[in-house]
Amino acid sequence: MAGGAREVLTLQLGHFAGFVGAHWWNQQDAALGRATDAKESPGELCPDVLYRTGRTLHGQDTYTPRLILMDLKGSLSSLKEEGGLYRDKQLDAAIAWQGKLTTHKEELCPKNPYLQDFLSAEGVLSSDGVWRVKSIPNGKGSPPLTTATTPKPLIPTEASIRVWSDFLRVHLHPRSICMIQKYNHDGEAGRLEAFGQGESVLKEPKYQEELEDRLHFYVEECDYLQGFQILCDLHDGFSGVGAKAAELLQDEYSGRGIITWGLLPGPYHRGEAQRNIYRLLNTAFGLVHLTAHSSLVCPLSLGGSLGLRPEPPVNFPYLHYDATLPFHCSAILATALDTVTVPYRLCSSPVSMVHLADMLSFCGKKVVTAGATIPFPLAPGQSLPDSLMQFGGATPWTPLSACGEPSGTRCFAQSVVLRGIDRACHTSQLTPGTPPPSSLHACTTGEEVLAQYLQQQQPRVMSSSHLLLTPYRVAPPYPHLFSSCSPQGMVLDGSPKGAAVESIPVFGALCSSSSLHQTLEALARDLTKLDLRRWASFMDAGVEHDDEPSVFVQRSSMLQD
Amino acid sequence: MFGSSFQPAIAAREAEGLHPRIITEGFEAAKIKALEVLEEVKVTKEMKRKVLLDVARTSLRTKVHAELADVLTEAVVDSVLAVRRPGYPIDLFMVEIMEMKHKLGTDTKLIQGLVLDHGARHPDMKKRVEDAFILICNVSLEYEKTEVSSGFFYKTAEEKEKLVKAERKFIEDRVQKIIDLKDKVCAQSNKGFVIINQKGIDPFSLDTLAKHGIVALRRAKRRNMERLSLACGGMAVNSFEDLTVDCLGHAGLVYEYTLGEEKFTFIEECVNPHSVTLLVRGPNKHTLTQIKDAIRDGLRAIKNAIEDGCMVPGAGAIEVAMAEALVTYKNSIKGRARLGVQAFADALLIIPKVLAQNAGYDPQETLVKVQAEHVESKQLVGIDLNTGEPMVAADAGVWDNYCVKKQLLHSCTVIATNILLVDEIMRAGMSSLKG
């Protein structure tokens, strides 16, 4: 398409979605900051796809994510709903009353020191109350994190992170954050627990209009809107919010791609019966409705299963994480997400969202699974063919859709992305004359190696592959998960001493496969075993259908046929 | 507040060992009597502008400070009068409320036309057009990926090129139809031509339209489409087949205003607009929200008054009158039900008491004064919030909605009754467990 970037609008619905989103935007921001670095390859990924340019009332240029997020009352902590970028202290004061005054002051949330440090690193609140950004080198985005003059930024400790805004490094547009005042983020009562409650939030004219207005604001200015990516929590009432939002988008913006990522935080424990049942019901209803209104749906979770019985979380060979910390889980999922979404964010020859969805929705099945190898295990001195050979015949990636092991399942179509391998390592470095140990070693380009590998592994699968030089940047506040890697992400024997990991190569895939078939069947089975009359409170929260298990079984077979 | 004020009275009665059913019978009787009083005191008037100003002012002055309330009063009344169409119920949805975060709350005004929160997306399109034709439509003018998988329809790059060109031609033809119409109706005159599309318009089409002197707005909000037709005349078209001058609306002035990164398009000087915009202005989100809430309440108050065709004096006057009537009435009730009537009367007096208290006066003292004045003058007397003294509400222009008061009497009685009877049922249940 000649002309500008194919814009994408991101929706983040829910608190865990906020965690994944925070890591996601931190990553985009890290990539922006490096744009002036000569060593980097000139933009493979186009930031205008995800970001928008803007201007404050004082004529300051801004570059903020094209984002709408919804979260519950009390979830923001010390982040202001309208952000810091467009603030103007003068506008805050206004005379509204002439009579006597009594002041009641609400206790402020304890200020997050990390947030304060971030704000002061970015800009300065001048004496007239206007917040001005410090000089921007390339006209876009934030300046590099460390310069000669600024001290090293404050990194939040893992224990201090309670909400996603505790580690977000990016300024959001005032129109991004939409709080649902009706339900509480914390506390005993008034939680958004059920799918039906979530749906009814967006049925209320107040919230529906709010969402419509914000959508209008971001979409109207797009010249080539390609679609929407929705990050949505599935385990609580936000599954209902997501379902309704997807319906709204499909209605209003037909023809655009809608790719939905259903998130499940985990881990779950057997003892909490009600929580598990609610999670099951929310996930089931969420998936069914989201699939009806999206172009593509992919569950993302580090848990072992989607069903009632919690399974242990997945393991990665070169990555160590704490499955109880949303901070860790969301970081890993964000890494995978950043990798598998590459096709529709490329600068040259992008695959549009609609095209990607078409390719992967084999026979109308719109639910796909995701998998990733984080980091891609390239040892020093190895070439890409060597590394790929080491996987043998096994599936190289760890499953990320809570669908169990992919072995023994059939894959129909896949979109694969490998990023962060140095160009010199793309092909084998054998001395001429040596017989190549495999057909991979005979290939002349990295793209050929990758295509050949996929062809060998899964001969009857329609594969689309992309090879990128840009690695995944591991900049603070990304957690320390890679203990046995070099700063450039090479896997080493033993733990290296010294420099922290700065970037890693990642291998990610989206597959339309039959492993989801089995998972959904198991989900349907779990549902039929439930006596739904016991969970009347769930149904009363606005769900209109009768006889739920059979509806789900029927719909899930639609997903599978 | 009225409903919950029953609680202490109920508790007291219960302590005396009175059966809940008898109390609720008393409530029912009291309610009927109170409704009678309401019918007697309501004032039926022709809802002229002056009267509606009083109703609006009463409502708005309880929500924002006086100076702002007076500015809003006129705007709100005139907006309802503008959208009122004979033979149709008043549709408040036709009063658009648009907010602009700048200037002061008192700069809020009524626009006899519409304000859209976006503008033309091409640098060459004029920022100000006078005497303009308006085309309102819901037709896609942008290249859209078709539903079918691309690989199915073409095999080579040339074939793909051909397909893309065909799609483009499809849209170019549509754009041409607009240009043809514009040339026809604007002919030699200086008239302007503005198109407001609910769907999108891609950069190529914008360019073509700009070259022909057409101002184009894209992705208009769905809820504005009906308002646009009512404001400018003209009909929203879904296709460009059979485009004629009869489809078009008109506005005397269309101009764009930029506020930071936001653009607003003002469509004004419409002949007889039946949809208008209240442009809410203020320095920050809090003020804007406060004014919007106040406006919404004011609009409803006026609509109620027009549809009721009558009003009742405010400032607590009718509550005082009703309580007085009930106290007299209870003497004609036999048995203990009269205690229910007394409870109802006491509950009613909460309203004037709270009014007094919020204004900073002693509630009991003020109430006594008002009640005495009511008995003596036989007029409907409420509380003057500026002085704390009794005043004749109607003379001061303080009015409440008839339908609202009526509804309150019904629903509060029902709520209070239900609460009482639930206790009874629960007690009955528990005693059956014990026994």
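Residue numbers start from 1 in every chain, and the chains themselves are labelled A, B, ... in the order their sequence lines are given, proteins ahead of strands.
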A:V219/B:R218 under side-chain contact (heavy atoms from CB on, under 4.5 Å): CA gap, chis, key distance, verdict: CA-CA 10 Å; A:V219 170; B:R218 66 185 178 189; over 6 Å; no

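Using a 4.0 Å cut-off between charged side-chain N and carboxylate O, B:R223 and A:E212 make a salt bridge. Using a cutoff of 4.0 Å between basic side-chain nitrogens and carboxylate oxygens, B:E142 and A:R256 are scored as salt-bridged.
In B:Y257, the OH atom is crowded: over 12 heavy atoms of neighbouring residues, nucleotides or ligands sit closer than 6.0 Å. Within a 6.0 Å sphere centred on NZ of B:K292, other residues, nucleotides and ligands contribute more than 12 heavy atoms. The neighbour count for B:K63 NZ, taken as heavy atoms of other residues, nucleotides or ligands under 6.0 Å away, is above 12. The environment of NZ in B:K127 is crowded: more than 12 heavy-atom neighbours from other residues, nucleotides or ligands sit within 6.0 Å.
Taking 4.5 Å as the limit, some side-chain heavy atom of A:L57 sits within range of a side-chain heavy atom of B:L259. Looking at B:E262 and A:R175, their side chains come closer than 4.5 Å, going by heavy atoms from C-beta outward. Counting only heavy atoms from C-beta outward, the side chains of B:K221 and A:D213 approach each other to under 4.5 Å.
Considering every non-hydrogen atom in both A:H216 and B:R219, the closest pair reads NE2-O, 2.7 Å. For the residue pair B:E261 and A:R55, the shortest heavy atom distance occurs at OE1-N, 2.9 Å.
For B:K263, no part lies near chain A; criterion is any non-hydrogen pair under 4.5 Å. Contacts of B:R121 with chain A are made by side-chain atoms alone, with heavy-atom separations under 4.5 Å and no backbone atom involved.
With sequence neighbours left out, A:R66 forms a side chain to side chain donor-acceptor pair (under 3.5 Å) with no residue at all. A search for salt bridge (Lys or Arg N to Asp or Glu O under 4.0 Å) contacts involving A:E7 returns nothing, not counting sequence neighbours.
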